[in-house]
Amino acid sequence: MERPEPVGAAAAAAFQPGEHQHIRYNPLRDDWVLVSAHRMRRPWQGQLEKPPQEDIPRCDLSNPLCPGATRASGEVNPQYESTFVFENDFPALQPDAPEPDACDHPLFHAASARGVCKVMCFHPWSDLTLPLMSLAEIRAVIDKWVELTVELGTSYPWVQIFENKGAMMGCSNPHPHCQVWASNFLPNEARLEERTQRQHLRERGLPMLLEYAQLEAQRQERLVVENADWLVVVPYWAVWPFQTLLLPRRHVCRLQELSDSERDSLACIMKRLLTKYDNLFEVSFPYSMGWHGAPTGPHLGADCGHWQLHAHYYPPLLRSATIRKFMVGYEMLAQAQRDLTPEQAAERLRNLPEVHYRERPREAA
Ligand code: H2U
Ligand code: ZN
């Protein structure tokens with residue numbers, strides 16, 4: 001890690017992270033984030049988003065993810081009662097793409113991209129989201145994630161499970177679902193985390209995110225929720241205002257290593273986290289989330305001691321249901337910047353109730 005040189009005179013006042021701007025290192029991505037908490041006080045006259053839609057019909061045959069609906073391919077979905085997986089009708093990766101021509105110059109370098117893209121519905125009802133589902137229903141989602149990781153991971157080196165929740169994150173259908181893209185190459189984020197975690201284990205003798213989880217469990221200030229097997233923190237280096245990292249307490253390389261009881265406790269912690277997210281602005285909280293674990297396919301036999309399974313949650317909202325954070329300007333040209341500190345974000349999430357605002361008993365009039 002190259003430490004940027006401080007420029008200018010040292011500040012006279014004692015440093016307070018909630019008051020004084022500073023940069024923080026992200027060891028997983030080997031980059032830095034600028035934290036400028038005092039900027040939360042600035043007025044907002046920019047774009048306001050449409051609040052997330054709340055009145056979604058439970059079953060609408062014009063929604064291609066519903067049981068009995070006809071998809072773009074002309075296929076009719078079965079009357080599924082739990083999870084339902086189908087091949088994406090508009091896949092970004094296909095198994096049989098031809099090899100690009102050999103590169104004739106390093107500045108014009110292409111390589112083969114093959115894979116499969118699947119869509120997985122979490123539940124037959126369009127008006128549900130994970131935090132409103134029962135623990136048994138969330139557990140069924142986790143079991144299907146494991147199954148798909150095993151199935152696609154037998155041949156593909158990377159199986160990316162991700163959920164885009166809410167129109168703000170590009171989710172195209174109001175129905176609880178995620179996508180699974182398996183590829184014959186390691187995508188950029190995977191390559192980066194492969195390198196940084198390998199280096200951390202070599203230098204410190206412990207998997208990076210195992211050491212990190214142990215430290216965060218002791219320090220507490222960035223904890224959002226925890227149970228016997230899992231913890232959720234707003235990472236020290238978070239970029240998005242309410243970004244979180246879901247980590248197992250023990251060393252786990254891949255989803256399929258989770259025991260029966262760890263899958264149950266995962267369902268439980270996901271429900272608690274996502275309920276808090278929805279309660280923050282009392283809307284169905286948008287985010288993109290995804291799982292990262294040790295590479296699969298040809299890597300299955302290799303040592304994965306440096307890898308620690310984890311899920312990232314990246315929500316776009318900043319101050320309210322209608323004010324989002326934009327990653328533009330300085331972020332695109334220089335580096336990511338955040339306003340409230342990760343500690344402030346964690347405290348707000350930690351203090352929110354764990355009963356969903358839509359399931360709260362109404363107060364007597
Ligand atoms: P998103 O909401 O994250 O966009 O996921 C929905 C996916 O469902 C999207 O990738 C696919 C889209 O290609 N889809 C089908 O495969 N068939 C359809 O009939 C509609 C949507
Ligand atoms: Zn990751």
Side-chain angles (χ1 to χ4, degrees), residues 26-31 52-53 56 60-78 80 83-94 115-123 126 129-130 148-149 158-182 186-198 200 207-210 212-213 232-233 235-240 243-248 252-255 284 286-295 304 306-314 316:
N26 179 344
L28 200 52
R29 303 199 72 255
D30 185 22
D31 65 10
Q53 191 190 340
I56 295 158
D60 170 7
L61 288 180
S62 66
N63 182 337
L65 303 191
C66 278
T70 306
R71 299 204 312 274
S73 59
E75 254 178 273
V76 177
N77 294 333
Y80 64 93
T83 59
F84 167 56
V85 178
F86 61 90
E87 301 280 333
N88 197 314
D89 298 315
F90 309 98
L93 289 158
Q94 290 172 300
V116 290
C117 296
K118 296 186 186 254
V119 180
M120 172 187 165
C121 298
F122 294 157
H123 194 282
S126 298
T129 54
L130 283 169
L148 286 166
T149 314
W158 193 255
V159 181
Q160 185 59 59
I161 296 172
F162 63 97
E163 178 192 3
N164 293 324
K165 180 166 173 263
M168 219 181 285
M169 291 313 283
C171 173
S172 49
N173 296 91
H175 189 99
H177 68 282
C178 72
Q179 297 196 43
V180 186
W181 294 17
L186 287 191
N188 291 339
E189 295 296 305
R191 280 176 52 218
L192 197 49
E193 293 189 1
E194 167 68 29
R195 173 172 68 74
T196 56
Q197 289 181 103
R198 191 179 283 282
H200 187 93
M208 176 198 293
L209 293 180
L210 186 65
Y212 180 64
V232 176
V233 296
Y236 180 75
W237 51 80
V239 164
W240 293 93
Q243 177 181 334
T244 55
L245 184 61
L246 168 57
L247 291 163
V252 181
C253 290
R254 302 183 178 94
L255 275 171
S284 181
Y287 59 74
S288 275
M289 72 78 66
W291 284 99
H292 285 163
C304 65
H306 53 297
W307 265 95
Q308 174 71 327
L309 175 74
H310 59 278
H312 297 281
Y313 285 85
Y314 298 125

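Read the numbers this way: they start at 1 and go in the same order the structure lists the ligands and their atoms. Just so it is clear, the structure is predicted and the values come from calculations on it, not from any experiment. Reckoned from all heavy atoms, side chains included, excluding hydrogens, waters and symmetry mates.
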Of H310, H200, Q308, the residue whose pairing with L28 passes side chain to side chain contact (heavy atoms under 4.5 Å, CB included):
H310
Say whether, by atom type as modelled, one donor and one acceptor occur between the side chain of N77 and the main chain of P64 under 3.5 angstrom.
yes
What residues, two or more places apart in sequence or in another chain, satisfy salt bridge (Lys or Arg N to Asp or Glu O under 4.0 Å) together with E194?
R198
Between Y287 and W240, does a ring-ring contact (aromatic ring centres under 6.0 Å, His included) hold up when you go through it step by step?
CA-CA 10 Å; Y287 59 74; W240 293 93; over 10 Å; no
4.5 Å side-chain heavy-atom contact, Y212 and P27
no
Can you name the one residue among Y313, Y314, W181 that meets ring pair (Phe, Tyr, Trp, His ring centres under 6.0 Å) with F162?
W181
Residues in side-chain contact (heavy atoms from CB on, under 4.5 Å) contact with S73, at least two apart in sequence or another chain
R71, E75, D89
Can you tell if the side chain of Q179 reaches within under 4.5 Å of the side chain of N88, non-hydrogen atoms only?
yes
In order of chain and number, which residues sit within 4.0 Å of ligand 1 by heavy atom?
P64, R71, A72, F86, N88, D89, F90, V119, N164, G170, C171, S172, N173, H177, Q179
Counting distance only, does the side-chain N/O of Q243 pair as donor-acceptor with the main-chain N or O of V239 below 3.5 Å?
yes
Just to be sure I understand the site: which N, O or S atoms from the protein are less than 2.8 Å away from the Zn ion (ligand 2)?
E193 OE1, E193 OE2, H292 ND1, H310 NE2, H312 NE2
